[in-house]
Amino acid sequence: EEPVTVFAAASTTDAMSAVIEAYEAEGIGPVRASFAASSTLAKQLAAGAPGEIYLSANTAWMDWLEDRGGIAAESRMILLSNELVLVIPSDAPAPKSLTDLPAYLGDRRLAMGDPTHVPAGRYAKAALEHLGLWSDLRDKTAFGSDVRVALALVARGEAAAGVVYSTDARVSDAVRIAERFPSDSHPPISYPLALVDGRDRSAARAFYKFLRSPKAAEIFRSHGFRTDRPEPAS
Amino acid sequence: MLEVSIVKRLGDFDLDAEFACETHGVVALFGRSGVGKTTVVNALAGLVRPDSGRIAINGTTLFDSSQGIDVPPERRRIGYVFQEARLFPHYSVRGNLRYGLRRAPRGEGAIDFSHVVELLGLEGLLHRRPRDLSGGERQRVALGRALLANPRVLLMDEPLASLDQPRKDEILPFIERLRDDLQVPIVYVSHAMDEIIRLADTLVLMNAGHVAAAGPVEDLTGRLDLRPLTGRYEAGAALPAAVVGHEREYGLTQLGFAGGVLRVPALDLPIGAQLRVRIRARDVALALRPPEECSILNVFQGTVAEVGEDGGALVDLRLDVGDAPLWARITAKSLAELGLCPGRKVFAMVKAVAVDRHSLGRRAANARFVPAGASLPPDAGSGD
Amino acid sequence: MLEVSIVKRLGDFDLDAEFACETHGVVALFGRSGVGKTTVVNALAGLVRPDSGRIAINGTTLFDSSQGIDVPPERRRIGYVFQEARLFPHYSVRGNLRYGLRRAPRGEGAIDFSHVVELLGLEGLLHRRPRDLSGGERQRVALGRALLANPRVLLMDEPLASLDQPRKDEILPFIERLRDDLQVPIVYVSHAMDEIIRLADTLVLMNAGHVAAAGPVEDLTGRLDLRPLTGRYEAGAALPAAVVGHEREYGLTQLGFAGGVLRVPALDLPIGAQLRVRIRARDVALALRPPEECSILNVFQGTVAEVGEDGGALVDLRLDVGDAPLWARITAKSLAELGLCPGRKVFAMVKAVAVDRHSLGRRAANARFVPAGASLPPDAGSGD
Amino acid sequence: MFALSDLEAEALTLSLQVSIWAVGIGLPAALFVAWLLARREFPGKTLLNGLVHLPLVLPPVVVGYALLLLFGRNGPIGAWLDSAFGLTVAFTWQGAALAAAVMAFPLMVRAIRLSIEAVDTRLESAARTLGAGRAEVFFTVTLPLTAPGILVGAILGFARSLGEFGATITFVSNIPGETRTLPLALYSLVQTPEGEAGALRLAAISVILALAALAGSELLARQLKARVGG
Amino acid sequence: MFALSDLEAEALTLSLQVSIWAVGIGLPAALFVAWLLARREFPGKTLLNGLVHLPLVLPPVVVGYALLLLFGRNGPIGAWLDSAFGLTVAFTWQGAALAAAVMAFPLMVRAIRLSIEAVDTRLESAARTLGAGRAEVFFTVTLPLTAPGILVGAILGFARSLGEFGATITFVSNIPGETRTLPLALYSLVQTPEGEAGALRLAAISVILALAALAGSELLARQLKARVGG
Ligand SMILES: Nc1ncnc2c1ncn2[C@@H]1O[C@H](COP(=O)(O)OP(=O)(O)OP(=O)(O)O)[C@@H](O)[C@H]1O
Ligand SMILES: Nc1ncnc2c1ncn2[C@@H]1O[C@H](COP(=O)(O)OP(=O)(O)OP(=O)(O)O)[C@@H](O)[C@H]1O
Ligand code: MOO
Ligand SMILES: [Mg+2]
Ligand SMILES: [Mg+2]
C-alpha cells in the first residue's frame with residue numbers, strides 16, 4: 001500500500017517519528033515523513049510535492065501556502081503549541097532572572113534563531129522586546145539558521161545562553177532550562193496542521209485523524225509539546 | 001607538381017616562400033637553422049595556416065586563401081615525421097605504429113606492419129612506452145608511424161638527425177624504396193648534404209624566409225653562386241649516371257656518365273639502373289700527366305673550364321670531362337705550381353673509394369638517363 | 001680523472017658501464033642508438049640513480065652505493081645540454097640563459113653573458129619564448145644556458161645534431177675554447193665521428209650497455225678490431241701533431257707529425273700549437289713511384305705494414321710512415337694490380353684539402369707532443 | 001566493523017545510487033563543456049562559463065530552490081519532462097541525483113578543463129596528420145591524456161555528491177527511501193535527542209565511503225600515470 | 001544598475017572580505033599539501049589525502065559543527081589560539097573565513113595537484129643541473145608552470161567561499177556585520193514569505209561578483225597561457 005506522506009517541520013522530528021511508529025503499530029497503514037524547515041516544505045508543496053499532510057512550525061508559512069490554494073482550508077487547525085525557554089550550559093550558574101540577562105551575558109552571546117525567518121527567533125525577539133531587553137541584547141545575539149544551531153552553540157559553551165523551544169531544550173544533555181518566558185510575552189507558538197489540497201486520500205485522512213487523537217496528543221506531550229489549543233493569535 | 005606560394009608572419013619572422021617542383025622523388029628543403037623550413041612543411045601538412053597564398057599537390061589544391069580552400073590535415077593524407085618525435089605517450093610503440101595504420105586507406109601501396117618493424121629494428125620495442133625509449137629509438141618509431149599511415153606525400157623534418165650512421169645507412173635505402181617502389185613523394189628537410197644528394201631529386205634552398213633557388217639537385221649543387229647556401233665543404237658535382245657493367249672479380253660496378261665510366265664499389269643494381277653520383281670537389285685531384293702505378297682507379301681526361309676565385313688556400317676548378325662538369329678543389333700552391341688555367345688539359349683522379357654509398361642516390365624511377373658512354377666497352381675509362 | 005663504474009637496470013635494458021679516463025679535454029661517448037649513452041650521462045648528472053657502483057670526478061666522489069654517497073644534481077656543478085632542449089617554457093630566451101648564470105659561482109672562469117649570446121647568434125632571440133624558436137635555435141639556447149652556469153664538467157648529449165653545418169662550424173671552436181681556455185672537461189655524446197675526432201681526446205666506445213673500449217681517440221680509431229663499432233666509413237688514423245711552420249704566400253700551415261710534415265689550409269695557430277690530425281683511410285691514395293705534376297701536396301714514403309682482410313671491393317692497409325701509422329683504403333683491384341703486400345715500399349698521397357677543419361682538433365692544452373720532424377726544414381716532406 | 005541498521009543501509013544505498021548517477025550523468029556533460037571551454041571559441045563562452053560556476057557561488061539552498069522552480073511538477077522543464085517522457089524528477093531519487101550533479105558540475109568541469117588545457121596540442125596535430133579527424137583526435141588523444149583530470153573530476157564530483165545536502169533537501173525534500181541520502185538522514189538525526197551517536201555513525205559511514213572511493217581513484221591514477229608517464 | 005541597500009552592501013563587503021581571506025590563507029596551504037600529495041611519498045599520505053577531502057564529503061553543517069568542536073572556545077585548537085594569541089575565531093568574520101577556507105580546501109588542493117602532476121619533471125631535472133636545489137626548483141619551475149592550476153584553485157576556492165553557507169552558519173552563526181555573508185543573508189530571505197524579491201537581488205549580486213571574478217581569472221589564464229604556451 002502506498003504510504004501516507006507527511007511534511008513536518010524539522011522541530012517535530014522526534015515527536016512525529018514516535019507518533020508514526022504508534023500509528024503503524026496499530027496496523028492501519030504505512031506513513032513516511034519528510035522533515036525540513038517549514039518554509040522549505042511549504043515551497044515544495046506549492047511546487048507539487050507529494051506531501052499529503054503539512055505540519056508547519058508557524059502560521060506564516062501555512063498562511064502562505066493557503067493563499068496559494070495549497071491546502072484544504074477546512075482541514076486547517078492548530079495541532080500543537082510550544083513554550084519559549086532560556087537555556088544555559090548544564091554546568092553554568094543560572095542568571096537571577098530574565099531581566100538580569102544582559103548582565104549575565106557580559107561580553108558573551110545569546111544564541112537564538114534568526115528572527116528574519118526562523119519562527120523561534122521571531123518569538124524570541126518578540127519576547128525580549130516585550131521584556132524591554134531587546135535593545136540591550138541586540139548586539140549580543142548570535143543567530144542560527146534554525147533552532148538546533150542555536151542550541152548547539154549553547155551546548156558547546158560558545159554562547160552563554162540561548163532562546164529555544166522547550167521541546168528543543170530536551171534534545172541535549174549539555175544544556176538546561178534556566179527560565180521560561182511568560183506565555184504572554186510573545187505571540188502564541190502554534191503548529192498548524194492541514195491536509196494538502198487535491199491529495200484527498202482516505203489513508204491520509206485516517207492519519208490526519210490519528211494526529212488529532214488523544215493517543216497522539218499524549219505522545220506529543222511526552223516530547224514537550226503542549227496540545228491544548230492556545231488562544232487565537234494577537 | 002608541388003606548388004607552394006605562401007606568406008606567413010610569425011612574430012618578427014616573415015616567411016614568403018614560393019616554389020614549384022616535380023613531386024616524383026624527393027624534394028629536399030635545405031637552409032640554415034631558423035630560415036623557415038619547418039614552417040613551410042607545417043603549412044604543407046595543414047598545421048600552420050598561411051596568411052595568404054596557395055598550396056597544391058599534383059593538381060589538388062590543399063590551400064588557397066583567395067578561394068577560401070583549406071583542406072584539414074587529416075584529409076590531406078600527408079605523412080609527417082616531426083623534428084621532435086611527438087609520439088603518443090599513452091600508447092605503446094605498437095599502438096603508435098598502428099595509429100596511422102588503422103586509419104590508412106587499405107590496399108594500393110600500403111606498407112606491411114611487420115616489414116616496417118623489421119626494417120626500423122623495432123621488434124624489441126613494440127611493448128615499450130615512448131618515455132622508455134632512447135632518442136634515436138623514438139625517431140625510428142615516429143618514422144614507422146608516418147610510413148604506416150600510407151601517405152600520399154611524406155614530410156620529413158630532419159628525421160635522421162638523431163640516428164647513428166649505421167642506422168642511417170639502414171634507413172636511407174628504405175626511404176629510397178618508398179620513393180621508387182611505392183612512388184611516395186617525399187619532402188625532406190635536412191642539414192646533411194650527404195643525405196640530400198643521396199635522396200633528393202629536387203633541392204629547394206631557403207634563406208631567411210625566402211626560397212633562394214629551387215631546381216634539380218645536380219644543377220643547384222654545381223652552381224658557384226649558391227655555395228654560400230649549399231656550403232663549401234659540400235661542393236661538388238652531382239651527375240646523372242647509369243649502371244653499365246660490373247667487375248665481379250673485384251666487387252666493382254661501372255657507372256656510365258656523360259664524362260666516361262666511373263668505377264665504384266659494387267652496387268646491387270641491374271645494368272641500366274639510374275643513379276645520381278656525387279663527386280665532391282675535395283675528392284678530385286689533378287695531374288698534368290696520367291698517373292702511373294697508382295691506386296686511383298678513376299682517371300678522366302678533361303679541360304679546365306673555370307677557375308674559382310676564392311682567395312684562400314683552396315681553389316675550386318670546373319673541368320669539362322666529356323659532356324660532364326666535374327669540380328676539383330686543390331691548393332692555391334698546386335694551382336700555381338701546375339700552372340693551371342682555363343683551357344689547360346688535365347687528368348682528374350677520383351678514388352673509387354671516395355664515391356661511397358653516401359654519395360650515390362638512386363634516382364626516381366621515372367628518371368631516364370642514357371649515358372653516351374653506355375655503348376663503350378666496359379674498360380673504356382681513361383686508364384686507371 | 002673521470003671514474004665511472006655503474007650498474008643500472010631499466011626495463012629489459014642492462015647497463016653495466018665501467019671506464020676511467022682523464023678529464024682534461026673532451027671525453028666522447030660513442031655508440032649506436034640505444035646502447036645506453038644517455039643513461040650514462042644521466043647518471044653522471046645525478047638524474048638517474050645507478051643501482052650500484054661509483055662515480056667520481058677528479059677525486060670527488062659523486063656517487064658511491066657502498067658508501068651511501070649520492071650528491072644531489074644541483075651540487076654536482078655538472079652542466080648538461082640535453083638531447084631534447086628542455087628549455088623552460090615560462091621564461092624568455094634571456095630568462096633561460098640567465099637561469100644558470102644567476103646560480104653560478106662567480107669569478108673564476110665564468111663566461112660572459114654577451115659573449116655567449118653573440119657566439120651562439122642569439123641576439124635577435126632574447127625576448128622570444130622557447131615555443132617560438134626553431135629546432136636549431138632551441139638547441140643553441142640550451143647550449144648557452146648550460147655554459148653560463150659555469151659548470152665544472154659539461155655533459156653534451158648530441159648537442160649539434162639539429163644544427164646546420166655552418167652553425168656547427170661556428171660552435172665547435174667555441175667548445176674547443178671552453179675545453180682549452182676555460183679547462184672545462186666535457187663529456188660529449190655524438191654519432192658524428194667528425195665531431196668526435198675534432199673535439200675529443202678520449203673515446204669511450206659503448207655497445208649494448210657495456211663499454212667496449214675506452215682510451216685515446218688516436219688509439220681507438222686506429223684499431224681494426226673496433227671498426228664494427230667506430231664505423232668503416234670513418235676509419236683512419238688520428239695522429240698527434242704540432243704546428244711547425246706556415247707558408248703564408250699560399251695560405252698553408254705545416255704540421256709536423258711522427259711521419260713527416262703535412263700541409264693543410266692555414267690555421268691561425270702559433271708554432272708549437274698542439275693538434276690532432278685525422279687522416280681518413282679513404283683520403284689516402286697509394287702509388288709505387290712518386291707522382292709527378294700532380295695537385296696532391298702531401299706525399300709520404302712508407303712501408304705497407306698490414307693488409308686488412310675485408311673480402312669486399314675495398315681493402316684497408318696500414319702503412320708505417322716514419323714512426324706514424326697511416327691507413328689507406330684502396331680497391332681490391334688496385335691492390336692486385338699494384339701487387340701490394342706487407343713490406344712493400346709505397347708512396348702515400350694525402351690531399352691537403354682532405355685534411356680540412358673537420359679533421360683537425362686542437363688538443364687539450366696540457367697535451368705535449370714534439371714531433372720528431374720538428375727540426376726538419378719546412379719543406380722536408382717527401383716532395384709534392 | 002559494525003552492522004548497519006535498516007535506516008543506515010537504506011541511506012547508504014541511496015547515497016551511493018544518487019552519487020553514482022550524479023557522476024554518471026554529470027561527467028559526460030562536464031567533459032563536453034570542459035572541452036568547449038578549453039578548446040573552442042564561440043559567442044556566449046563567458047556566459048556558459050559563468051553558468052557552470054553558479055552552483056558553486058550560490059548557497060545550495062538557493063540552487064535547490066531554483067531547481068524546484070525549473071524542474072518542479074509545475075516548472076517549465078519539469079512540466080515538459082513529464083508530458084514528453086512521463087519523467088518526474090522532483091521529489092524522487094532521480095531529482096536527488098540531478099541536484100547532486102548540478103552541485104558537482106563546476107568541480108568536474110574545472111578539473112577536466114585544466115587537464116585538457118595541459119594536453120600538448122602538438123600531439124593532436126600529429127594525430128591529425130595520421131588521418132584522424134577532430135572528433136577522432138579527441139577520443140584517441142585528448143581524452144586519454146585527459147584521463148587524470150577526468151578521474152579527479154569524477155572523484156570530486158562523487159565526494160561532493162555524497163556530501164550534498166542543501167540543494168537536495170530543498171529540491172526533493174527529505175523522503176525516507178526515496179530522497180533521504182546520508183546527509184539528510186544525518187540532519188534528521190541531529191534534530192532528535194540522543195541522535196548524536198547515530199549521527200556520528202552516519203558521518204563515519206560517509207567518511208569510509210569517501211575514503212574507499214579516494215583510495216580507488218588514487219590507485220587508478222597511479223596506473224594511469226604509469227601508462228602515460230610523467 | 002541598482003543601488004545597494006545598507007544590508008546588501010554590508011553582506012557584499014563581508015562576503016568579499018571573507019572569500020579573499022579564505023583564498024589568501026587557504027591557497028598557500030593548499031599549494032603545500034598539493035605538492036606533498038603530488039610529488040612526495042610518506043607514511044600517512046592516504047590519510048592526509050582523505051582528510052583533505054572530508055569537507056567535500058560531509059554535509060557542510062557537519063563540517064561547521066566539527067569546526068565548532070575544534071575551534072570553539074572550549075575546543076582544543078580554539079582554547080589554544082585564545083590563550084596563546086588572544087585570537088577568537090568563533091562568531092567572528094575570521095571564523096567565517098576559516099570555515100570558507102576549509103570548505104574550499106579540497107577544491108584548491110585538487111586543482112593545484114592536477115597541475116603539478118602535469119609539470120614535466122624533465123624540466124625540473126634540467127633546473128637542478130643548473131644549480132637549483134629542490135626548493136628553488138619548486139619556486140622557479142614547478143610553481144610557475146603550475147600557475148594555471150593555482151589560478152583555477154583560487155577561482156574555485158573563491159567561488160566556493162562566496163557560496164559557503166552551512167559550515168559558516170553552524171560555526172560562526174549569523175551575526176549582521178560580522179558573519180552575515182551574502183549566502184546567509186540570502187538564506188534568511190528565501191526562508192521568509194515575501195522575501196523573494198530581496199533574495200533575487202542578493203542572488204544577482206552574488207552572481208555578478210562571481211562572474212567578475214571568473215572573467216578576471218579567464219583573462220589572467222589567457223595571459224599565463226600566452227606566456228607559457230600550449
Ligand atoms: N610563433 C612564433 N613566433 C615568432 N617567431 C617564430 C614563431 N615560430 C617560429 N618562429 C621563427 O620563425 C623562424 C622559422 O622557424 P622554423 O621553425 O620554420 O625554422 P627552421 O628552418 O625549421 O629551423 P631549424 O633548422 O632550426 O629547425 C625562426 O627564426 C623562428 O624563430
Ligand atoms: N625507463 C626505461 N625502461 C625500459 N627501457 C629503457 C628505459 N629508459 C631507457 N631504456 C632503454 O635503455 C636503452 C638505453 O637508452 P639510452 O637513452 O641511454 O640510449 P642512447 O645510447 O642514449 O641512445 P640514442 O643514441 O638513441 O639517444 C635503450 O635501449 C632504451 O630503450
Ligand atoms: O521546524 Mo523549523 O521550520 O526549522 O523552526
Ligand atoms: Mg625546423
Ligand atoms: Mg640518447
Side-chain angles (χ1 to χ4, degrees), chain C residues 38 41-49 62 71-92 95-106 110 127-133 138 141-142 144-157, chain E residues 27-28 31 34-36 38-42 111-155 217-230:
Chain C
T38 298
V41 172
N42 277 339
L44 284 174
L47 301 181
V48 152
R49 191 192 164 95
L62 297 179
V71 178
E74 67 272 20
R75 283 201 272 118
R76 295 193 179 193
R77 280 192 61 207
I78 293 188
Y80 196 157
V81 182
F82 296 89
Q83 207 163 356
E84 353 76 64
R86 297 201 196 179
L87 299 181
F88 301 129
H90 55 301
Y91 287 130
S92 64
N96 270 280
L97 291 174
R98 293 188 54 81
Y99 192 92
L101 185 65
R102 282 205 311 272
R103 289 165 183 79
R106 315 218 147 237
H127 295 288
R128 292 261 190 88
R129 296 272 153 193
R131 61 161 178 170
D132 297 340
L133 300 177
R138 257 173 234 157
V141 175
R145 183 177 68 172
L147 290 177
L148 287 168
N150 190 15
R152 267 195 306 227
V153 179
L154 191 59
L155 309 178
M156 302 182 133
D157 197 354
Chain E
L27 205 59
L31 189 57
W35 177 79
L36 276 181
R39 286 285 158 84
R40 312 253 71 187
E41 289 303 325
F42 53 93
I112 297 172
R113 178 176 170 188
L114 196 53
S115 258
I116 291 181
E117 281 172 346
V119 170
D120 189 345
T121 51
R122 292 179 308 172
L123 293 177
E124 298 175 335
S125 308
R128 295 193 69 191
T129 67
L130 291 165
R134 260 183 218 288
E136 224 175 337
V137 168
F138 177 76
F139 285 108
T140 57
V141 178
T142 320
L143 193 64
L145 291 176
T146 308
I150 297 176
L151 189 63
V152 167
I155 194 70
S217 80
E218 292 288 331
L219 222 80
L220 213 62
R222 224 167 272 241
Q223 282 182 1
L224 277 179
K225 214 180 160 184
R227 283 189 50 198
V228 176

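To find a chain, count down the sequence lines: A is the first, B the second, and so on, and within it residues start at 1.
Here E:L143 contributes atom CG and C:H90 contributes atom NE2; the two are 9.0 Å apart, rounded to the nearest 0.5 Å. For the atom pair CG of C:L47 and OG1 of E:T121, the computed distance is 10.0 Å after rounding to the nearest 0.5 Å.
Between chain C and the residues E:A147, E:A132, E:S125, the most heavy-atom pairs under 4.5 angstrom are made by E:A132. By number of non-hydrogen pairs under 4.5 angstrom with chain E, the leading residue of C:A149, C:G46, C:P73 is C:P73.
The shortest non-hydrogen separation linking C:R103 to E:T140 is NH2-CG2, 3.3 Å. Scanning all heavy atoms of the two residues, the minimum distance from C:Y99 to E:V137 falls at OH-CA, 4.3 Å. Nearest heavy-atom pair, E:L123 versus C:F88, reported as atom, atom and distance to 0.1 Å: O-CE2, 3.4 Å. In terms of heavy-atom proximity, E:R122 sits nearest to C:R86 at O-NH1, 3.3 Å.
In this structure, chain E has no heavy atom under 4.5 Å from any part of C:R75. Only the backbone of C:L87 comes within contact range of chain E, with heavy atoms under 4.5 Å apart. Using a 4.5 Å cut-off between heavy atoms, C:I78 touches chain E through its backbone atoms (N, CA, C, O) alone.
Within 6.0 Å of the CZ atom in E:R134, the count of heavy atoms belonging to other residues, nucleotides or ligands does not exceed 12.
Inter-residue side-chain proximity for C:E74 and E:E136 is flagged as unmet; no heavy-atom pair is nearer than 4.5 Å.
Counting only distance, with no hydrogens or angles, the side chain of E:R128 and the backbone of C:P72 share no donor-acceptor pair below 3.5 Å.
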